[in-house]
Amino acid sequence: MPASAAEAEAEDGGTFQPWEYSLYVPNDPRSVTICRRTLRLILAIHGRPHLSDAAELVATELVANAVQHTKGPAALRIRWAHGVLRIGVWDADPTPPQPTTPATVLAEAGRGLALVRGCADEWGWYALGPAQLPGSNGKFVWCELTSAA
C-alpha cells in the first residue's frame with residue numbers, strides 16, 4: 001500500500017490528473033440531492049468511487065447548511081489533486097459557520113459541522129469579498145478527504 005498520496009498517484013501510472021468541477025444551485029432543498037448525486041457520478045467517472053460515501057456525507061452537510069441558513073444561491077466545488085479530494089461550498093452569506101457545541105451534539109439539528117470534522121482530514125472556511133468573487137460577498141466552507149478515506 002502506498003505511504004503517501006503522491007505515491008498512490010504515481011502507482012496508478014499518472015492517469016488521474018487533477019480535475020475540478022463547480023455546480024451552481026438555487027436556494028432550494030432539492031439542491032442537496034442534486035449535488036450529492038452529481039458528486040457520486042463525478043467520483044465514479046474519475047475512478048474514485050471509494051470516496052463516495054464520505055464525500056457525499058460531507059457535501060450533503062455543507063450544501064444543506066448553505067441552503068438552510070442563507071437566502072441566496074450556493075455552489076458546490078469539487079477538486080481532486082495530489083491524492084486529495086477538496087469539497088467546498090460557497091454561499092452569499094458572510095456569517096461564519098457555527099461549529100457544534102457540546103450541548104448540540106445529541107440534538108436532531110446542528111450537528112453538520114461535527115460530521116464534517118469527523119469525516120474529513122481537514123476543514124475550514126474563509127470569507128469572500130468582491131476581490132475573490134466579483135460582485136459578491138459570502139463565504140467558502142471546505143473540507144478535504146485523502147484517497148485513503
Side-chain angles (χ1 to χ4, degrees), residues 1-12 14-25 31-70 72-133 136-149:
M1 180 163 203
S4 71
E7 289 176 14
E9 234 171 346
E11 215 173 72
D12 71 22
T15 58
F16 293 98
Q17 298 299 316
W19 46 261
E20 183 174 320
Y21 292 86
S22 295
L23 176 63
Y24 292 85
V25 294
S31 296
V32 177
T33 301
I34 291 166
C35 288
R36 185 175 56 243
R37 290 182 180 171
T38 301
L39 173 59
R40 179 173 286 276
L41 179 62
I42 290 168
L43 291 172
I45 288 170
H46 283 284
R48 300 291 181 215
H50 62 284
L51 293 172
S52 289
D53 290 339
E56 284 184 61
L57 177 62
V58 297
T60 295
E61 293 301 332
L62 296 177
V63 175
N65 282 347
V67 169
Q68 246 180 347
H69 301 295
T70 69
L76 173 68
R77 187 166 73 184
I78 308 155
R79 182 180 62 178
W80 171 265
H82 310 293
V84 176
L85 180 68
R86 180 176 265 214
I87 299 167
V89 174
W90 165 82
D91 67 57
D93 185 348
T95 306
Q98 296 299 314
T100 306
T101 63
T104 60
V105 169
L106 298 177
E108 285 188 35
R111 299 179 314 226
L113 287 177
L115 289 171
V116 171
R117 279 191 299 214
C119 292
D121 296 297
E122 298 285 335
W123 85 278
W125 77 279
Y126 52 89
L128 294 171
Q132 294 93 1
L133 191 62
S136 181
N137 288 316
K139 68 182 166 292
F140 189 75
V141 183
W142 59 270
C143 66
E144 293 180 344
L145 303 171
T146 63
S147 59

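This chain uses plain numbering: 1 for the first residue, then up along the sequence. Just so we're clear, the structure is a prediction, and the values are computed from it rather than from any experiment.
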Calculate, to the nearest 0.5 Å, the distance between atoms CD1 and OG belonging to Ile42 and Ser52 respectively. 10.5 Å
Spell out, as yes or no, whether a donor-acceptor pair under 3.5 Å connects the side chain of Lys139 to the backbone of Asp91. no
Would you call the rings of Trp19 and His46 parallel, tilted or perpendicular if under 30° counts as parallel and over 60° as perpendicular? parallel
Residue pair Asp53, Arg40: steps toward the side chain to side chain contact (heavy atoms under 4.5 Å, CB included) verdict: CA-CA 8 Å; Asp53 290 339; Arg40 179 173 286 276; 3.4 Å; yes
To the nearest 0.5 Å, how far apart are OH in Tyr21 and CG in Leu41? 8.5 Å
Are Val25 and Leu76 side-chain neighbours, meaning at least one heavy-atom pair lies under 4.5 Å? no
Shortest non-hydrogen pair, Leu39 vs Ala59, comes out as CD2-CB, 3.6 Å
What is the minimum heavy-atom distance between Leu145 and Ala120, and which atoms define it? CD2-CA, 3.7 Å
Validation row: Pro96, Trp125 side chains within 4.5 angstrom (heavy atoms): yes
For residues Ala55 and Leu43, report the shortest heavy-atom separation together with the two atoms involved. CB-CD1, 3.8 Å
I'd like to know if the side chain of Asp121 pairs up with that of Thr146 as donor and acceptor (distance under 3.5 Å, no hydrogens or angles considered). yes
Could you walk me through whether Ile78 and Thr38 pass the side chain to side chain contact (heavy atoms under 4.5 Å, CB included) check? CA-CA 10 Å; Ile78 308 155; Thr38 301; 5.5 Å; no
What closest approach, in Å, do Trp90 and Pro73 show between heavy atoms, and which atom pair accounts for it? CZ3-O, 3.7 Å
Could you state the interatomic distance from CZ (Arg79) to CD (Glu144), rounded to the nearest 0.5 Å? 7.0 Å
What one should report as the nearest heavy-atom pair of Cys35 and Leu23 is SG-CD2, 3.9 Å
Side chains of Val141 and Asn65, heavy atoms from C-beta outward: is any pair under 4.5 Å? no
Could you measure the distance from the CZ atom of Arg77 to the CZ atom of Arg86? Nearest 0.5 Å is fine. 7.5 Å
Considering only heavy atoms from C-beta outward, does the side chain of Val58 approach that of Trp123 to under 4.5 Å? no
